[in-house]
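Reading through the structure tokens given below for one structure.
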Amino acid sequence: MAIANLHETWLTYKQRVNTLNLDISNLQTQKTLATYSQADLQSLLSSEKHSVRDYFKELWEGDKELHEKYLDYTKIPDFEEAIDKIVAQYQDQLDEMAAWETALDAQITTNDTEKAECEAYMESITQMLTSNIQEDFNFGLNG
């Protein structure tokens, strides 16, 4: 009876390890998506900043007064304001993506830790099962 109880307990831990493996796999897929989404958002931000730079550069090069007044198109007062506006527009989304990725990392770590504990219990139960089966076998030979 003890052997059956130990085996049932071992199977329960084995099922939990399999569930954790599936959860970890799903979380890693979500993390890949989060990383890709964050990179895509960074690319959009960079593209918009580049178009603002191009606009101000053309404006500066095409206007003789601006060319004489400012050494560079980045010195035009509205330039910094336009760049800051674009960065602010994307910053909240970038922060959310970073927080999502951090939360996924934390959950993966938690699941990995629980999985390691379950595997340690399974090893212990395996040793107990081996010991009990050997004792039952030896008892049968001596009885």
Side-chain angles (χ1 to χ4, degrees), residues 1-63 66-67 69-143:
M1 187 67 172
I3 292 173
N5 287 340
L6 284 173
H7 189 258
E8 187 176 321
T9 303
W10 186 89
L11 288 174
T12 302
Y13 280 116
K14 182 65 176 171
Q15 183 179 11
R16 183 64 186 149
V17 166
N18 289 339
T19 300
L20 287 168
N21 279 331
L22 181 62
D23 289 348
I24 290 168
S25 177
N26 288 337
L27 289 167
Q28 287 173 334
T29 300
Q30 289 180 13
K31 185 176 178 206
T32 301
L33 176 64
T35 302
Y36 174 78
S37 297
Q38 193 171 14
D40 194 37
L41 198 58
Q42 283 284 2
S43 177
L44 287 172
L45 172 62
S46 180
S47 175
E48 286 200 30
K49 286 169 69 175
H50 186 71
S51 67
V52 166
R53 279 185 167 79
D54 287 347
Y55 170 77
F56 276 95
K57 186 175 181 180
E58 286 177 20
L59 183 69
W60 179 74
E61 288 174 348
D63 189 338
L66 286 176
H67 204 73
K69 188 173 182 180
Y70 301 104
L71 295 174
D72 190 0
Y73 68 94
T74 60
K75 304 298 181 196
I76 299 172
D78 292 342
F79 174 78
E80 286 298 324
E81 184 179 315
I83 293 292
D84 289 345
K85 184 178 177 182
I86 290 170
V87 170
Q89 178 183 354
Y90 284 93
Q91 194 59 47
D92 287 341
Q93 291 175 319
L94 289 169
D95 290 345
E96 286 176 19
M97 297 248 180
W100 180 32
E101 199 169 352
T102 301
L104 290 170
D105 280 335
Q107 189 60 49
I108 288 170
T109 301
T110 300
N111 287 2
D112 278 335
T113 302
E114 184 179 348
K115 181 179 141 192
E117 288 174 4
C118 287
E119 288 171 341
Y121 288 137
M122 286 173 60
E123 181 61 32
S124 173
I125 292 169
T126 300
Q127 289 175 0
M128 283 190 270
L129 276 169
T130 303
S131 175
N132 283 342
I133 290 171
Q134 189 172 20
E135 286 174 15
D136 285 354
F137 181 75
N138 288 340
F139 180 75
L141 289 178
N142 294 331

To the nearest 0.5 Å, atom CG of Leu44 lies from atom CD1 of Ile86 at 11.5 Å
Lys75 side, atom NZ; Leu66 side, atom CG - distance, nearest 0.5 Å:
14.5 Å
Please report the closest heavy-atom contact between Tyr13 and Met122, naming both atoms and the distance.
CB-CG, 3.4 Å
Does Gln15 CD have over 12 foreign heavy atoms under 6.0 Å away?
no
I'd like to check the ring-ring contact (aromatic ring centres under 6.0 Å, His included) partners of Tyr70; sequence neighbours left out, ordered by chain and number.
none
Counting C-beta onward and ignoring hydrogens, is there a side-chain heavy-atom pair between Gln42 and Leu45 closer than 4.5 Å?
yes
Ile83 side chain near Arg53 side chain, heavy-atom distance below 4.5 Å
yes
Validation: residues 99-118 side-chain donor-acceptor distances under 3.5 Å, sequence neighbours left out:
| from | atom 1 | to | atom 2 | distance (Å) |
| --- | --- | --- | --- | --- |
| Glu101 | OE2 | Thr35 | OG1 | 2.9 |
| Thr102 | OG1 | Ala98 | O | 2.9 |
| Asp105 | OD1 | Lys31 | NZ | 2.9 |
| Gln107 | NE2 | Asn111 | OD1 | 2.9 |
| Thr109 | OG1 | Asp105 | O | 3.0 |
| Thr110 | OG1 | Ala106 | O | 2.9 |
| Thr113 | OG1 | Thr109 | O | 2.9 |
| Glu114 | OE1 | Arg16 | NH2 | 3.2 |
| Glu114 | OE2 | Arg16 | NE | 2.8 |
| Glu114 | OE2 | Arg16 | NH2 | 3.0 |
| Lys115 | NZ | Asn21 | OD1 | 3.0 |

What one should report as the nearest heavy-atom pair of Ile76 and Trp60 is CD1-CB, 4.0 Å
Taking the side chain as C-beta and beyond, is there a heavy-atom pair between Leu59 and Tyr73 under 4.5 Å?
no
Give the minimum heavy-atom separation between Thr74 and Glu80, together with the two atoms involved.
O-OE2, 4.2 Å
Pairwise distance OG1(Thr19) to NZ(Lys14) - rounded to 0.5 angstrom:
11.0 Å
Under 3.5 Å, is there a donor-acceptor pair linking the side chains of Asn26 and Gln30?
no
Would you compute the distance between atom NE2 of His7 and atom OG1 of Thr126 and round it to the nearest 0.5 angstrom?
9.0 Å
So, Ser124 side chain and Ala120 main chain: donor-acceptor pair closer than 3.5 Å or not?
no
When rounded to the nearest 0.5 angstrom, what distance separates CD in Gln91 from CD in Gln93?
10.0 Å
In terms of relative ring orientation, are Phe79 and Phe56 parallel, tilted or perpendicular, with 30° and 60° separating the classes?
perpendicular
